Amino acid sequence: MTGNQNPYLPELATVTKVIEETPNIKSFQVVFNDAEKMKNFTFEPGQVGQLSVFGVGESTFVINSPPTRMEYLQFSVMKAGEVTTALHGIYEGDVIGVRAPLGNWFPYNDMKGKNILFIGGGIGLAPLRTLILYMLDNRADYKDITIIYGSRTPPDLCYKDELKEWEERSDVNLILTVDNEFPGWTKRTGFVPTVLKEEAPKADDTIAITCGPPIMIKFVLEGLAELKFPEENIITTLEARMKCGIGLCGRCNLGHKYICKDGPVFSLKQLKELPSDE
Amino acid sequence: MADKGYLPKEKIKEFVEALGKDATVFAPCLEGDTIIFRQYTPDKEISLDRPANTPPKGAIYPQCETLLSFEFKKEADNPQKMDVELKVNTDFPKAVVFGGRPCDARGFTVIDRVFIDTDTADPYYKKRRENTTIVTKCCNGPVAGCFCVGVGGGPAVTEGSDVVMTEVDGGYYLEAVTDKGKAVMSLPMIQDGASYEAKAKAANEKATAAVRNPFPEGADKISAELFDSGDFWGNVIEKCLSCGACTFLCPTCYCFNITDEQAITTGDRIRSWDSCMFQHFTLETSGHNPRPAKHKRFRNRVGHKFYYYPEKYDGAIACTGCGRCIRYCPVSVDISEIVGYLRDPKADPKAWAAKKEDAKN
Ligand SMILES: Cc1cc2nc3c(=O)[nH]c(=O)nc-3n(C[C@H](O)[C@H](O)[C@H](O)COP(=O)(O)OP(=O)(O)OC[C@H]3O[C@@H](n4cnc5c(N)ncnc54)[C@H](O)[C@@H]3O)c2cc1C
Ligand code: SF4
Ligand code: SF4
Ligand code: FES
């Protein structure tokens with residue numbers, strides 16, 4: 001945490017930039033009001049924060065900027081309910097609360113020297129972004145990097161400027177898809193899991209990391225199983241309704257594990273060993 | 001300081017008022033025919049006749065409390081800009097929990113492991129816990145539903161208490177369990193207790209022998225197969241109303257919600273008890289709910305107490321057998337019966353339904 005003894009006490013932070021990513025997703029770059037705390041703040045790729053709009057409440061979002069770029073912390077927020085709607089009404093210069101970092105992170109050290117396959121859908125690119133940027137900032141440590149990313153329509157794709165950058169890089173293989181034909185769209189169409197099957201990336205020496213809507217994840221996992229990815233090489237981040245973010249309020253458990261504290265990052269192998277509510 | 005004492009019954013009020021001299025005392029108070037833990041004031045009637053309807057949990061973990069307060073302030077030289085000021089208060093008075101039972105005191109130890117023994121300790125609970133002295137009344141015997149001995153407790157178990165008192169010879173034999181408890185023993189109305197020790201021991205043994213143990217083969221791991229059986233859970237919880245009474249009356253249930261309340265430029269962030277038996281507890285904004293059906297929620301409640309929590313905390317069970325959820329469930333769901341069944345490796349989930357049918361006829 002930011003050094004607060006009280007894990008419920010947010011750090012006050014100022015929004016320095018608001019980016020309209022898609023019709024219903026905005027990114028917020030924030031800086032702690034306490035410069036000393038900002039300077040000393042550290043986190044790992046995949047960890048999350050609880051953002052406060054005082055008077056409305058708190059919600060969980062992944063820190064999607066990488067720890068290699070610490071001028072600000074970036075969060076991307078899809079408008080969904082009360083807090084996310086309130087966040088969409090925040091302007092540059094406004095003060096919000098941040099409790100971070102919370103949860104575990106991607107095992108990026110174990111991924112060194114391997115091929116990396118990112119599979120994302122919609123806002124699910126947010127947690128992948130932090131790791132992608134981290135890996136690009138440490139490019140020599142990893143072998144081939146492939147990113148399969150899709151959304152419903154082209155305007156729904158997040159981080160459009162970065163997508164363009166990655167597309168132009170020779171050391172990244174970016175495959176973009178949207179669900180259906182769209183005026184002006186010349187790239188692929190089809191659901192992410194289908195594109196994954198068509199691409200059929202090799203499982204050898206490859207770690208797959210996936211995040212997106214539950215239905216996409218379900219079929220992506222099936223696809224990866226068909227491609228013979230071992231369960232320990234498939235990594236995903238989970239979602240659950242959260243409040244405390246520190247393993248106390250009791251609502252985000254999978255058996256004796258708490259997604260907020262022991263997660264949100266799990267390998268498929270770990271998940272299969274936990275009791276599920278299904 | 002002595003660690004043994006004796007308190008005549010007629011001095012109870014005097015004792016409680018002495019405890020309250022520099023502390024808030026929470027005691028079981030008679031209200032109509034219910035006994036409820038309340039902040040003690042002299043107009044209240046304390047009752048130690050039977051375990052209270054509510055546990056004393058709220059004395060250390062209030063049903064509602066302010067985590068922080070916020071205030072919006074306009075910046076003087078920039079009317080466009082709003083600053084926020086946050087305030088936290090953990091300046092709690094000293095407290096005494098008087099007249100809880102051993103299962104109630106053990107309830108705090110269940111919450112301690114989660115709220116204190118972690119790198120993100122809850123500062124509110126921790127502070128109140130440190131500030132509180134727990135003076136527990138040992139039970140003369142069980143009431144309907146009690147099964148403390150089946151989950152590692154008992155009518156005279158001292159875990160979680162600072163002082164325990166046993167009813168003997170028109171009064172109470174007191175024993176200090178901790179240093180905090182020893183301080184209590186120096187109060188002037190406490191008499192020498194050594195001569196009552198043997199009698200108290202005998203009374204406690206008698207009480208212990210009278211408590212039923214629904215898990216005579218030991219509180220071991222439950223049958224994973226049965227635990228995973230949707231059939232079983234569907235059957236056992238068909239009648240549940242999802243009212244949450246079981247969780248609100250439980251000395252070990254600690255799940256909570258956090259909400260903001262705002263009035264113009266000031267407001268509070270409030271923590272309040274929640275219940276895993278409620279449908280919205282796990283409902284995500286997208287509409288997805290991992291536990292939409294009540295049998296999934298109940299399975300989680302039982303699983304948490306008898307399976308997940310023991311897995312995480314070295315076999316400790318997150319139920320102290322107080323029996324409240326059995327006594328006060330409007331449709332008589334009995335957790336001890338269900339867990340007893342889950343421990344039987346030969347149990348057949350379908351037989352549960354048949355057994356229940358038989359009982360009806
Ligand atoms: C580990 C994790 C990372 C996430 N990262 C992002 C992200 O980067 N970008 C993004 O847009 N969304 C993310 N989410 C989802 C986001 O937290 C929810 O959409 C958001 O909490 C909804 O809040 P609300 O107040 O608008 O909705 P309401 O329906 O008004 O929700 C009420 C409250 O319930 C809780 N809640 C409800 N649904 C969820 C949920 N799915 N997850 C967590 N808490 C919930 C929150 O406290 C919320 O304030 C993430 C969720 C998790 C668990
Ligand atoms: S689960 Fe029931 S019997 Fe066990 S401690 Fe809670 S209320 Fe008492
Ligand atoms: S008290 Fe009984 S009816 Fe109410 S939620 Fe608990 S088990 Fe269900
Ligand atoms: S959000 Fe409170 S336990 Fe996970």
Side-chain angles (χ1 to χ4, degrees), chain A residues 1 4-14 33 50 52-59 78-84 86 91 93-97 102 213-215 238-262 274-278, chain B residues 67-68 70-72 78 80-86 88 90 114-115 118-125 224 227-228 253-263 266-267 269 271 274 276 280-286 288-292 296-297 299-300 303-304 307-313:
Chain A
M1 305 278 286
N4 281 336
Q5 287 300 302
N6 184 334
Y8 300 102
L9 185 63
E11 204 51 49
L12 293 177
T14 300
N33 290 3
Q50 287 267 357
S52 281
V53 180
F54 296 103
V56 184
E58 279 187 309
S59 267
M78 188 171 85
K79 198 169 176 173
E82 282 187 39
V83 176
T84 50
Y91 295 98
D94 286 351
V95 174
I96 61 171
L102 302 168
I215 186 77
L238 294 188
E239 206 176 312
R241 185 177 178 126
M242 289 186 177
K243 279 291 163 183
C244 70
I246 51 175
L248 303 193
C249 79
R251 75 192 60 234
C252 71
N253 71 308
L254 272 179
H256 70 284
K257 298 272 188 209
Y258 290 86
I259 295 176
C260 66
K261 179 135 189 180
D262 305 306
L274 288 172
S276 94
D277 284 304
E278 298 318 317
Chain B
L67 295 179
L68 57 94
F70 49 86
E71 184 171 358
F72 295 102
N78 181 0
Q80 293 302 315
K81 196 151 185 307
M82 198 68 104
D83 274 340
V84 184
E85 204 179 282
L86 302 181
V88 173
T90 49
V114 183
F115 278 34
T118 158
D119 56 342
T120 46
D122 187 286
Y124 311 88
Y125 179 86
F227 189 80
D228 287 338
C253 276
Y254 58 76
C255 292
F256 60 82
N257 196 5
I258 302 175
T259 46
D260 280 14
E261 281 179 12
Q262 189 187 344
T266 61
R269 178 156 294 166
R271 178 243 298 279
D274 204 344
C276 63
H280 69 233
F281 187 67
T282 48
L283 178 64
E284 292 160 30
T285 308
S286 64
H288 176 252
N289 190 345
R291 301 196 275 266
K296 292 191 173 179
R297 299 196 288 276
R299 177 178 177 268
N300 180 68
H304 183 217
Y307 190 2
Y308 311 149
Y309 186 100
E311 210 159 57
K312 187 159 176 177
Y313 299 106

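Source: prediction; values computed, not measured. Residue numbering restarts at 1 for every chain, and letters A, B, ... go by the order of the sequence lines.
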*Is there a side-chain contact between Glu82(A) and Asp260(B) (heavy atoms, below 4.5 Å)?*
no
*Among the options Pro214(A), Gly81(A), Ala240(A), pick out the one with the most heavy-atom pairs lying under 4.5 Å from chain B.*
Ala240(A)
*asked:* Using side-chain heavy atoms (C-beta onward) and a distance below 4.5 Å, is Arg251(A) in contact with Phe256(B)?
replied: no
*Select, from Asp274(B), Asp119(B), Thr118(B), Leu86(B), the one with the greatest count of heavy-atom pairs under 4.5 Å involving chain A.*
Leu86(B)
*asked:* Looking only at heavy atoms and a cut-off of under 4.5 Å, which of Tyr254(B), Tyr124(B), Phe72(B), Phe115(B) has the most pairs with chain A?
replied: Tyr124(B)
*asked:* With chain A as the partner, which of Thr90(B), Asn257(B), Asp83(B), Leu67(B) has the greatest number of non-hydrogen pairs under 4.5 Å?
replied: Asn257(B)
*Proximal component of Asp94(A), with respect to chain B [non-hydrogen, under 4.5 Å]*: neither
_Restricting to non-hydrogen atoms, name the atom on His256(A) and the atom on Tyr308(B) that form the minimum distance, rounded to 0.1 Å._
CB-O, 3.3 Å
*Check whether any side-chain heavy atom of Gln262(B) lies under 4.5 Å from a side-chain heavy atom of Val56(A), and answer yes or no.*
no
*For the residue pair Arg269(B) and Pro10(A), establish whether any side-chain heavy-atom pair is separated by less than 4.5 Å.*
yes
*CG/Leu68(B) to CZ/Phe54(A) distance, rounded to the nearest 0.5 angstrom?*
6.5 Å
*Quick one: pull up CG in Leu12(A) and CZ in Phe70(B) and give me the separation to the nearest 0.5 Å.*
12.0 Å
*Considering only heavy atoms from C-beta outward, does the side chain of Lys312(B) approach that of Lys257(A) to under 4.5 Å?*
no
*Working to the nearest 0.5 Å, report the span between CD1 of Ile258(B) and OH of Tyr8(A).*
6.0 Å
*Structural part of Val88(B) lying under 4.5 Å from a heavy atom of chain A*: side chain
*Which one of Leu283(B), Thr282(B), Thr266(B), Asn300(B) has the most heavy-atom pairs closer than 4.5 Å to chain A?*
Leu283(B)
*Would you please test Arg241(A) and Thr285(B) for side chain to side chain donor-acceptor pair (under 3.5 Å) and show each step?*
CA-CA 8 Å; Arg241(A) 185 177 178 126; Thr285(B) 308; over 6 Å; no
*For the atom pair SG (Cys252(A)) and CZ (Phe281(B)), what is the distance rounded to the nearest 0.5 Å?*
9.0 Å
*Residue part contacting chain B, namely of Thr84(A), when any heavy atom lies under 4.5 Å*: neither
*Look at Pro123(B), Gly267(B), Pro310(B), Ala121(B) and state which one has the largest set of heavy-atom pairs under 4.5 Å with chain A.*
Pro123(B)
*asked:* Is Leu248(A) close to chain B through its backbone or its side chain, or both, or neither, when contacts mean heavy atoms under 4.5 Å?
replied: both
*asked:* Using a 4.5 angstrom heavy-atom cutoff, name the option from Ser59(A), Gly97(A), Ser52(A) with the most pairs to chain B.
replied: Ser52(A)
_Distance, nearest 0.5 Å, that separates OH of Tyr309(B) from CG of Asn253(A)_ = 14.0 Å
*Using non-hydrogen atoms only, which part of Cys244(A) is less than 4.5 Å away from chain B: side chain, backbone, both, or neither?*
both
